[in-house]
Amino acid sequence: MSAAASPVEKIKADSRYLRGTLQESLADAVTGSLREEDQTLIKYHGSYQQDDRDLREERRQQKLEPDYSFMIRTRTPGGIATAAQWLKLDAIATRFANGSLRVTTRQAFQFHGVIKRELKPTMAAINASLIDTIAACGDVNRNVLSAANPLLSSVHATVHAQAKALSEYFLPKTRAYYEIWLDEERVAGSDAHEPEHEPIYGTTYLPRKFKTAFAVPPVNDVDIFANDLGFIAIVEHDTVVGYNVTVGGGFGATHGDPTTYPRLADVIGFVTPEQVIAVAEGVITTQRDWGNRAERKRSRLKYTIDDRGLDHFKAEVERRAGFALAPARAFVFDHNGDRFGWIAGEDGRWHLTLRIEAGRIVDRGERRLLSGLRAIAQIHDGDFRLTPNQNLIVANVPVAQRAAIDALVAEYGLDLYRSASPLRLNALACVALPTCSLAMAEAERYLPDLVTKLEARLAAHDLADADIHLRISGCPNGCSRPYLGEIALVGKAPGRYNLMLGADHRGQRLNRLHKENIAEPEILDTVDALLARYAGERGRDERFGDFLVRAGLVAAKPGIPLEVRT
Ligand code: SRM
Ligand code: SF4
């Protein structure tokens, strides 16, 4: 390994395929934390060590160690869980975590607040629900996104199956997870360093996290261009004939460091369904071998591609895959949000998309989301689908059961989707404080209030029904994909944000920094002035982000062409 490799590379290489000293760290009753190296390794098992940042200062003054706990993230390709699984996950959230289930922007569940001595029983309980957390985090191919809304049931089922197969193919092969969390006996020699233990990843796995998504046009709910690797389904006569391949999307950036930036993926060609795994392997292994292992903030695939050149990268992928990609096929996306309420699938089953604000499923006041979804799961014989916009679909409902589900939705206050403004329905916020160690400002906890204030400004301009996509992140890492918000706030410091403006609503054009490091009054006044212009000057059906660009109020960033035709 090169002398310049980042310290994380050494931790991976020395970990005996992700074992490290996790067992010892877990057994140490003196502290609620793990040894430092194990804090890195546990991510590959789907968990992060965190501490309650609201209590940090108080505990420091009391000379107590931080209030450590663990976040656990599931690997749920396409975000599907059966009703039986839902009940088990709900029980885990109530028994071991902080009484909430968190729907993430990548169709996973997160549990927050699990203490160290309960980590193992929690992981075992998750596995008992036939859901795992392997590779939900870490420098590997993570949970694979798949278009959520099963309108065209057979197409979605095909695409979901492909996404699931890809997720499974690129799972780490080490048995470490089973030994540590599920007490599997260690097979002799299983901690050796022979590369056959990880045929794709080797001992040092990938240089950085790696994200894959499958989209079904015209809906871009997965924000395909934000992913390292993407597959856009090409459907002819209700059949998936193949996929356009996208590479090099990614959003993480560091304030004040222009060598880091959000980037949309490039469309590099078309593959048949049979070629998907081979092309993915070509992309992943090229990134494995070419990616920057010295500087973690420049190690994502987007930088590998920009540093080496897209054509060069594509040629290498084709060489490894053993075939040339065909020219990309035509596709059109019309939006990247969710469609709320009931819709019927082609097979006659019904699907109800519910709004879950910032993805947090919890009982709070009259909105008893956790209890309500438990009640639904008890009578539901279909499944649940998490959307990449942090919402939830009660899916595959027979028509005869709709009324019973509607009654529970009303009883437990799950009906925000009926009353909320378009702004509130489509807004995204990352977790941020108090659990995220990287947060510079509030996001999830700030979202409801900010939306209320913006709604007042919209109403003042007679724009209450304007469907504007708002996204808030507590730092520039971009977990709520803020760089695709028509209006976005990116945290800078407590109460202060960069205001970004001018993305489209299809996920095809990034926004731009408009004002740096501003507090709420200036945010509201700035947006208000632009809304006034929008109210008076917008074209018919013109969206806010598009208007800002057309009117020259925000300089356009080049994006993916709106209609990609061959
Ligand atoms: Fe993220 C790190 C939460 C989607 C880019 N993200 C984190 C951590 C784990 C903080 C940490 O490293 O200690 C956050 C945990 C907060 C908490 O308390 O739960 C965190 N990310 C999330 C979630 C839960 C946000 C949400 O509110 O839903 C999403 C979980 C997705 C999942 O199920 O796997 C989440 N993160 C994203 C996305 C959106 C996406 O993938 O579509 C991005 C931008 C796309 C991308 O990856 O480029 C994203 N997260 C990051 C980054 C920046 C990566 C980079 O290339 O620089 C970090 C920091 C890092 O990796 O160093 C990060
Ligand atoms: Fe944390 Fe930043 Fe991601 Fe928000 S964007 S969850 S603050 S890492």
Side-chain angles (χ1 to χ4, degrees), residues 1 5-23 25-26 34-50 70-77 104-111 114 119 122-123 126-127 131-145 166-182 191 197-213 227-229 250-252 280 283-285 287-288 291-293 295-297 299-301 304 431 435-438 477 479:
M1 184 181 306
S6 86
V8 175
E9 292 301 310
K10 182 164 165 42
I11 295 174
K12 289 185 275 186
D14 292 348
S15 74
R16 296 171 301 120
Y17 297 105
L18 309 180
R19 292 178 177 83
T21 54
L22 263 167
Q23 303 268 32
S25 265
L26 290 170
L34 303 176
R35 296 178 189 174
E36 212 174 310
E37 286 79 9
D38 296 329
Q39 290 174 30
T40 295
L41 294 174
I42 198 169
K43 296 179 186 176
Y44 297 75
H45 299 249
S47 178
Y48 281 75
Q49 178 175 312
Q50 304 185 314
F70 292 80
M71 173 269 271
I72 303 176
R73 186 183 286 165
T74 61
R75 182 183 66 89
T76 28
T104 75
T105 49
R106 293 195 70 79
Q107 297 179 298
F109 293 97
Q110 277 188 189
F111 301 94
V114 178
L119 252 182
T122 312
M123 295 290 246
I126 294 171
N127 274 271
I131 287 177
D132 65 57
T133 67
I134 307 172
C137 322
D139 298 342
V140 283
N141 183 54
R142 297 188 173 192
N143 194 40
V144 177
L145 298 187
L166 190 145
S167 172
E168 270 148 31
Y169 185 84
F170 290 105
L171 277 180
K173 301 290 178 279
T174 171
R175 301 303 296 175
Y177 181 87
Y178 301 93
E179 290 166 17
I180 294 170
W181 309 109
L182 304 172
D191 57 355
H197 287 292
E198 288 290 12
I200 292 168
Y201 293 125
T203 55
T204 48
Y205 294 82
L206 297 180
R208 201 67 159 86
K209 56 174 68 166
F210 191 92
K211 299 181 171 178
T212 306
N227 287 268
D228 296 274
L229 173 62
F251 278 1
V283 171
I284 287 176
T285 60
Q287 162 66 354
R288 177 196 65 198
N292 181 339
R293 290 185 184 259
E295 233 188 323
R296 281 186 72 75
K297 67 178 178 186
S299 56
R300 291 291 290 275
L301 177 64
T304 310
V431 177
T435 52
C436 179
S437 63
L438 306 176
N477 283 319
C479 298

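Here the structure is a predicted model, which means the values were calculated and not measured.
- In terms of the salt bridge (charged side-chain N to carboxylate O under 4.0 Å, His left out) criterion, residue partners of Asp139 (sequence neighbours excluded) are, by chain and number, Lys12, Arg296.
- Under a 3.5 Å cut-off, the side chain of Lys211 and the backbone N or O of Lys209 do not form any donor-acceptor pair.
- Proximity of Phe170 to Ile284: side-chain heavy atoms (C-beta onward) are separated by under 4.5 Å at one or more points.
- Remark: Ser47 engages no residue in a side chain to side chain donor-acceptor pair (under 3.5 Å) (not counting sequence neighbours).
- Annotation: side chain to side chain donor-acceptor pair (under 3.5 Å) contacts of Thr122 (sequence neighbours excluded): none.
- Gln49 contributes atom CD, which lies 13.0 Å from atom CZ of Arg35 (distance to the nearest 0.5 angstrom).
- Rounding to the nearest 0.5 Å gives a distance of 10.5 Å between OH of Tyr44 and SG of Cys137.
- Using a 4.0 Å cut-off between a side-chain N of Lys or Arg and a carboxylate O of Asp or Glu, Glu9 and Arg293 qualify as a salt bridge.
- Here the side chains of Ser15 and Glu37 are not in contact, with every heavy-atom distance at 4.5 Å or above.
- With rounding to the nearest 0.5 angstrom, the CD1 atom of Ile72 is 10.5 Å from the OG1 atom of Thr74.
- For Asp38 (side chain) and Leu34 (main-chain N/O), no donor-acceptor pair under 3.5 Å exists by modelled atom type.
- Rounding to the nearest 0.5 Å places CD1 of Ile134 at 14.5 Å from CZ of Arg142.
- How far CD1 of Ile11 is from OH of Tyr205: 14.0 Å, rounded to the nearest 0.5 Å.
- Applying the side chain to side chain donor-acceptor pair (under 3.5 Å) test to Arg75 and every residue at least two apart in sequence or in another chain returns Asp132, Ser167.
- Looking at Thr105, its side chain does come within 3.5 Å of a backbone N or O of Cys479 through a donor-acceptor pair.
- Judged as a side-chain contact (heavy atoms from CB on, under 4.5 Å), and not counting sequence neighbours, the contacts of Tyr169 are Ile200, Ile277, Glu281.
- Within the 4.5 Å cutoff, the side chain of Tyr177 has heavy atoms near those of the Thr133 side chain.
- At least one donor-acceptor pair closer than 3.5 Å links the side chain of Asn143 to the backbone N or O of Thr76.
- The minimum heavy-atom distance between Ala135 and Pro172, with the atom names listed, is CB-CD, 3.7 Å.
- Side-chain atoms of Tyr48 and Ile42, non-hydrogen and from C-beta on, never get closer than 4.5 Å to each other.
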*asked:* If you apply the rule side chain to side chain contact (heavy atoms under 4.5 Å, CB included), what do you find for Leu182 with Met123, and how did you get there?
replied: CA-CA 8 Å; Leu182 304 172; Met123 295 290 246; 5.8 Å; no
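- With hydrogens and angles ignored, the 3.5 Å screen pairs a side-chain donor or acceptor of Thr104 with a backbone N or O of Ala108.
- Side-chain contact between Leu26 and Ile180: present, with at least one pair of heavy atoms (C-beta onward) separated by less than 4.5 Å.
- Closest of all the heavy-atom pairs between Pro207 and Ser299 is O-OG, 3.8 Å.
- Partners of Arg73 under the salt bridge (charged side-chain N to carboxylate O under 4.0 Å, His left out) rule, at least two apart in sequence or in another chain, do not exist in this structure.
- Annotation: salt bridge (charged side-chain N to carboxylate O under 4.0 Å, His left out) contacts of Arg288 (sequence neighbours excluded): none.
- In this structure, Thr304 and Asn292 have side chains that are not in contact, with every pair of non-hydrogen atoms separated by 4.5 Å or more.
- In this structure Asn141 satisfies the side chain to side chain donor-acceptor pair (under 3.5 Å) test together with Thr212, sequence neighbours excluded.
- Every residue two or more places apart in sequence or in another chain that forms a ring pair (Phe, Tyr, Trp, His ring centres under 6.0 Å) with Phe251 is listed here: Tyr483.
- Remark: Phe70 engages no residue in a ring pair (Phe, Tyr, Trp, His ring centres under 6.0 Å) (not counting sequence neighbours).
- Taking Glu36 as the reference, nothing meets the salt bridge (charged side-chain N to carboxylate O under 4.0 Å, His left out) condition, with sequence neighbours excluded.
- With a 4.5 Å cut-off on side-chain heavy atoms, Trp181 and Leu119 count as touching.
- At a threshold of 4.5 Å between non-hydrogen side-chain atoms, the residues His45 and Leu18 count as touching.
- In this structure, Thr174 OG1 and Arg19 CZ are separated by 4.0 Å, a value rounded to the nearest 0.5 Å.
- For Phe210, there are no ring pair (Phe, Tyr, Trp, His ring centres under 6.0 Å) partners at least two apart in sequence or on another chain.
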